[in-house]
Amino acid sequence: MAPQRILCVAEKPSIAKAVAQHLGGGRFITRNVRGNTFVKNYEFDFSFAQWGHCSVTMTSVSGHLTSLDFADRYKKWQTTPPGQLFEAETVIKIDAERKPIADNIQQQARYAKVLFIWTDCDREGEHIGSEVREQARKGNARITVKRARFSNTERTHVIQAAQNPIELDDRQASAVATRIELDLRIGAAFTRLQTLQLQHLGDLLADKVISYGSCQFPTLGFVVERYFRVKNFRPETFWSIKVTYLKEGVKVNFSWNRVHLFDRAVVTIIFEKCLDARLARVTKVQKKPTSKWRPLPLTTVELQMQGSRFLRMDSKKVMKIAEQLYQKGWISYPRTETDQFPPEFSLRSFIEKQTQDNNWGAYAQGLLDGAFRQPRQGRHNDQAHPPIHPVNYVTSSSLSDDERRVYEFVVRRFLACCSEDAKGEATDIEIEWGEEVFHAHGLLVLARNYLDVYVYDKWESSQQLPHFEIGESFEPTEANMMDGKTTAPGYLTEPELIGLMDANGIGTDATMADHVAMIKDREYVAARPKAGGGRNPVREFVPTRLGVALVEGYDNVGLDVSVSKPFLRKEIELKMKAICEGRKTRSEVVHESIEEYREVFGRTQRNIGVLKRSVRKYVFDEDVG
DNA sequence: GCAAGGTC
C-alpha cells in the first residue's frame with residue numbers, strides 16, 4: 001500500500017523550510033510553486049506517531065491568504081452614503097498575487113489524508129490556518145485537519161510538535177475575522193465621511209485622503225496630547241536649599257529631601273532656621289551592594305524603542321533592516337512579543353558563533369568560559385516566536401552600514417542577556433540640619449559585567465564620598481538658597497510614542513511602525529530631530545495643523561469617548577478576548593460594536609460643523625469665533 | 001481614493 005500523504009502548511013516560507021529540514025532529516029526535494037517565487041513545496045518522508053510512515057509535502061502561505069472588501073456596488077464614494085458601510089455587503093477575495101498560493105494548497109490537498117497546519121501559534125496564525133483549511137477543503141472536502149503547536153524551530157521542539165497535533169482554534173480565528181470586519185467598516189465609513197466633508201474646505205486639502213483608523217487615530221492622539229501639554233505649559237518658579245561640605249579634599253553636595261517648594265517665603269524661613277542651627281549632624285551612613293540589571297531578552301517593541309533611540313533610524317527603518325537580516329539568516333524572526341527564552345534553548349551555540357568577532361568576540365568567549373548566566377525571564381510570551389537573537393555570525397564588511405548597526409545591537413543585546421548584572425556599591429549619607437534632612441548619594445561600580453558589551457546602557461561611578469560617622473557634626477562649607485523654573489516637557493519622541501502604543505494596545509509589534517509612518521504620510525504629524533540631541537538625536541513628533549484640527553474637532557463633537565483616545569481600540573481588543581474565551585460570539589460582537597460606532601458616527605455627522613470649524617481655524621487660519 | 005493584520 002502506498003504511504004499516506006500529509007500536507008503541511010506554514011505561515012511563511014522560512015518556517016516551511018526549517019520544519020522540512022528537521023522532519024526530513026536533511027533529505028527533502030524542493031519544488032517551485034508556479035506563479036510565486038517565495039513559496040516552495042518540500043517533499044520528504046516522515047513517520048508520525050499518529051499516521052505512520054507518510055509521504056509529506058510541506059509548503060506555506062505568505063501571511064493572510066484572503067482580504068475583506070466591500071461588494072463592488074459600494075465602491076463609489078459619491079454614490080454610497082458613508083454610513084451605509086456599516087451594513088454594506090462584504091466579500092472575501094483572494095488577491096491575484098495570492099491565487100497561485102491558494103491553488104497550490106488546493107492541488108496538494110487533493111490526494112492528502114491530512115492537512116497539518118503549521119501557522120504561528122497566535123491569533124492571526126489561527127485565522128490564517130482557517131484560510132488554509134478553507135482552500136484545502138476546496139480540493140478535498142474530506143481532508144482531516146490538524147495543527148501543530150510550536151513556538152520556535154529548534155529540532156527537538158519541531159519533532160515534538162509533529163508528534164502531538166492539536167486542533168485549530170476556531171474561536172481565535174473568528175476573533176480575528178471580527179477584528180477584520182470592524183476595522184474595515186469603521187475605517188472606511190469614517191475615512192469617507194471626513195474626506196468628503198473636509199476635502200473641499202480649501203486647496204490645502206483638495207485631493208487629500210483624510211483617513212481614519214482605529215490605530216492611526218489614537219497614535220495621532222498621543223502626539224497631539226503631548227503637543228498641548230507643551231503648548232499650555234507655564235513655567236513655575238521654585239526655591240530650594242543646597243548644602244556643600246568640603247571634607248578630605250572632596251566637595252560633597254547634599255540635596256534637600258523636599259527637593260524644592262514653590263513658596264519663596266516658606267523656603268526663606270526654613271533656610272534661616274537651618275543657618276541658626278549652624279551645625280549639621282550625620283544621621284545615616286549606609287553602604288550597600290547594588291546592581292544594575294542586565295536587559296531582558298529582546299522583543300520587537302524594545303528593538304523599535306532602543307533602535308529609534310540609539311541607532312539613528314526611525315522605527316520603520318529598524319524593522320525593515322531587521323527583516324532583511326532575518327531573510328539573510330543572520331538574526332531570528334524579528335516580530336515577537338516574547339521576552340523569555342525557552343528553557344531548552346541552545347543559547348551557548350549562538351554565543352559560540354559570536355566568538356570570532358573582533359569587537360565582541362572576546363566577550364562572548366568569556367561567557368563560554370564561565371561568565372554565562374541564564375537570561376532573566378520577562379512576563380511576555382506570544383507562544384509563537386522566541387526573543388530576537390543572532391542565529392549566525394556575519395562580518396560587518398558584508399553588511400550595509402544600517403544592517404551592521406542593527407545586527408550589532410541584536411548581538412550585543414543577546415550577549416548582555418546572557419551575562420551577569422553589573423555590580424556596585426551604593427553609599428547614602430543623610431544629615432539633619434535644623435529641622436531639615438539632606439542627603440548625598442555615591443556609587444562605586446565594582447564589576448561592569450554586561451555593561452562591557454551592552455554599550456547603550458550607562459552606569460558610571462560618581463565621585464567617591466569621604467568617610468562619615470553617624471553622629472558626626474559639621475558646619476556646612478557653603479549653603480545657598482537657589483531658585484529655578486520648572487521646564488516644559490518635550491514633544492513626544494519616537495521611543496516614547498512606541499512605548500505608549502504598546503502600553504495601550506495600539507497596533508501589534510509588526511504594525512506599530514506602520515501606524516507611525518501612516519500618520520506622517522497623511523500629514524497629520526511631522527518628525528524632526530530633537531534639538532540638543534547632539535550628533536545622534538532622537539526624533540520627536542509635532543502635529544501639523546491638520547493633525548491638531550482633527551483631534552480637537554473630534555474632542556468637541558460631543559462624543560462620550562473621543563476617537564482620538566485609545567479607549568475604543570482597547571474595547572475591541574477586550575471583545576476579541578471574549579470571543580477567544582467563548583464568552584461572546586462573532587455575530588454578537590460585530591452587532592454590538594457596529595451599533596456603538598454607528599452612534600459615534602451619527603453624532604459626528606450631525607455635528608460635522610464642529611469638525612469643519614476646527615479645520616478652518618487651524619488649517620486655514622480663519623477666525624471662527 | 002477607505003482599515004489593520006499578516007508577509008516577500
Side-chain angles (χ1 to χ4, degrees), chain A residues 10-17 33 35-40 60-70 74-78 80 82-86 88 90 95 97-98 100-101 119-120 122-132 172-173 175-199 205-219 300 319-320 322-324 326-328 333-335 382 384-385 501 505-519 521-522 563 568-569 572-573 576 597 601:
Chain A
E11 184 163 321
K12 44 191 162 267
S14 60
I15 297 283
K17 188 173 186 182
V33 171
N36 186 296
T37 48
F38 304 106
V39 173
K40 306 266 187 264
S60 74
V61 287
S62 185
H64 283 287
L65 206 44
T66 65
S67 56
L68 187 71
D69 205 352
F70 295 109
Y74 300 102
K75 293 259 164 78
K76 289 221 172 62
W77 288 35
Q78 296 301 336
T80 304
Q84 232 181 58
L85 297 175
F86 286 113
T90 55
D95 299 337
E97 68 268 25
R98 295 172 184 155
I101 304 174
T119 49
D120 294 354
D122 52 24
R123 265 189 332 220
E124 298 294 332
E126 230 56 31
H127 184 262
I128 293 168
S130 73
E131 294 176 304
V132 169
Q172 288 192 56
V176 170
T178 307
R179 193 235 347 119
I180 289 172
E181 182 175 349
L182 292 176
D183 282 338
L184 174 67
R185 292 190 187 282
I186 297 163
F190 277 91
T191 298
R192 289 190 192 182
L193 173 72
Q194 56 187 39
T195 302
L196 293 171
Q197 292 288 337
L198 304 175
Q199 203 169 46
L205 299 181
D207 302 322
K208 227 174 165 146
V209 173
I210 304 170
S211 61
Y212 169 84
S214 57
C215 288
Q216 45 180 283
F217 251 56
T219 305
T300 306
M319 286 313 291
K320 195 182 143 220
E323 176 70 30
Q324 285 168 13
Y326 160 68
Q327 291 301 335
K328 293 179 185 167
Y333 190 66
R335 290 183 279 274
D382 62 19
H385 305 282
M501 294 173 75
I506 302 301
T508 68
D509 47 14
T511 62
M512 278 178 197
D514 294 331
H515 299 309
V516 174
M518 175 61 87
I519 61 172
D521 275 7
R522 298 291 190 210
V563 291
L568 289 168
R569 179 77 212 180
I572 291 183
E573 191 62 33
M576 283 172 75
Y597 274 91
F601 185 88

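Order of the sequence lines sets the chain letters (A, B, ...), proteins ahead of strands, with each chain counted from 1.
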Examine the side chains of Q216(A) and S211(A) and answer whether a donor and an acceptor come within less than 3.5 Å of each other.
yes
By the 4.0 Å heavy-atom rule, please label E126(A) as base, sugar-phosphate, or nothing.
nothing
Of the nucleotides dC8(B), dG5(B), dA3(B), which has the atom closest to the H64(A) side chain?
dG5(B)
Ring centroids of Y212(A) and dA3(B) base under 5.5 Å with planes under 30°
no
For L68(A), answer base if it contacts any base atom (sugar-phosphate contacts may also be present), sugar-phosphate if it contacts only those atoms, and nothing otherwise; contact means non-hydrogen atoms under 4.0 Å.
base
Side-chain N or O of T508(A) closer than 4.0 Å to phosphate OP1/OP2 of dG6(B):
yes
Less than 4.0 angstrom between a side-chain N/O of Y326(A) and OP1 or OP2 of dT7(B), yes or no?
no
Atom-pair distance (NZ on K12(A); C1' on dT7(B)), nearest Å
8 Å
Mind checking if Y333(A) touches a base, just sugar-phosphate, or nothing, with heavy atoms under 4.0 Å?
sugar-phosphate
Find which nucleotide of DNA chain B each of R98(A) and D207(A) is nearest to by heavy atoms, and output the residue with the more 5' nucleotide.
D207(A)
Is S211(A) near enough to dC2(B) that one of its side-chain N or O atoms lies under 4.0 angstrom from OP1 or OP2?
no
R335(A) versus T300(A), side-chain donor and acceptor atoms under 3.5 Å:
no
Between E573(A) and R123(A), does any NZ, NE, NH1 or NH2 come within less than 4.0 Å of an OD or OE carboxylate oxygen?
yes
Within the structure provided, determine whether M319(A) and D509(A) are in side-chain contact (heavy-atom separation under 4.5 Å).
no
Measuring from the side chain of T191(A) (C-beta onward, heavy atoms only), which nucleotide among dT7(B), dG5(B), dC2(B) has the closest atom?
dC2(B)
With nearest nucleotides of DNA chain B determined for Y74(A) and Q327(A) from heavy-atom distances, which residue corresponds to the more 5′ nucleotide?
Y74(A)
For dA3(B) and H515(A) - does any side-chain N or O of the residue sit under 4.0 Å from the phosphate oxygens OP1/OP2?
no
Across the strands shown, which category fits P13(A) at heavy-atom distances under 4.0 angstrom: base, sugar-phosphate, nothing?
sugar-phosphate
Under 4.0 Å: is that the gap between some side-chain N or O of R522(A) and OP1 or OP2 of dA3(B)?
yes
With a non-hydrogen cut-off below 4.0 angstrom, is D120(A) in contact with a base, only sugar-phosphate, or nothing?
sugar-phosphate
Remember a base hit wins even if backbone is also touched, and classify L65(A) as base, sugar-phosphate or nothing at under 4.0 Å, heavy atoms.
nothing
Under 4.0 Å: is that the gap between some side-chain N or O of R569(A) and OP1 or OP2 of dA4(B)?
no
Given H127(A), which partner from the list Q172(A), H64(A), R179(A) fulfils the side-chain contact (heavy atoms from CB on, under 4.5 Å) test?
H64(A)
Ignoring hydrogens and angles, does a donor from either the side chain of D69(A) or the base of dC2(B) sit under 3.5 Å from an acceptor on the other?
yes
Taking any heavy-atom pair under 4.0 Å as a contact, classify G125(A): base, sugar-phosphate, or nothing.
nothing
E323(A) has its side chain closest, among dC2(B), dC8(B), dG6(B), to dC8(B)
Is R179(A) touching bases, backbone alone, or none of the nucleic acid, heavy atoms closer than 4.0 Å?
base
How close or far is atom P of dC2(B) from atom CG of D183(A), stated in whole angstroms?
15 Å
Categorize T37(A) for me: base, sugar-phosphate, or nothing, with a 4.0 angstrom heavy-atom threshold over every strand shown.
nothing
Look at the aromatic rings of Y212(A) and F190(A) and report parallel, tilted or perpendicular, splitting at 30° and 60°.
tilted
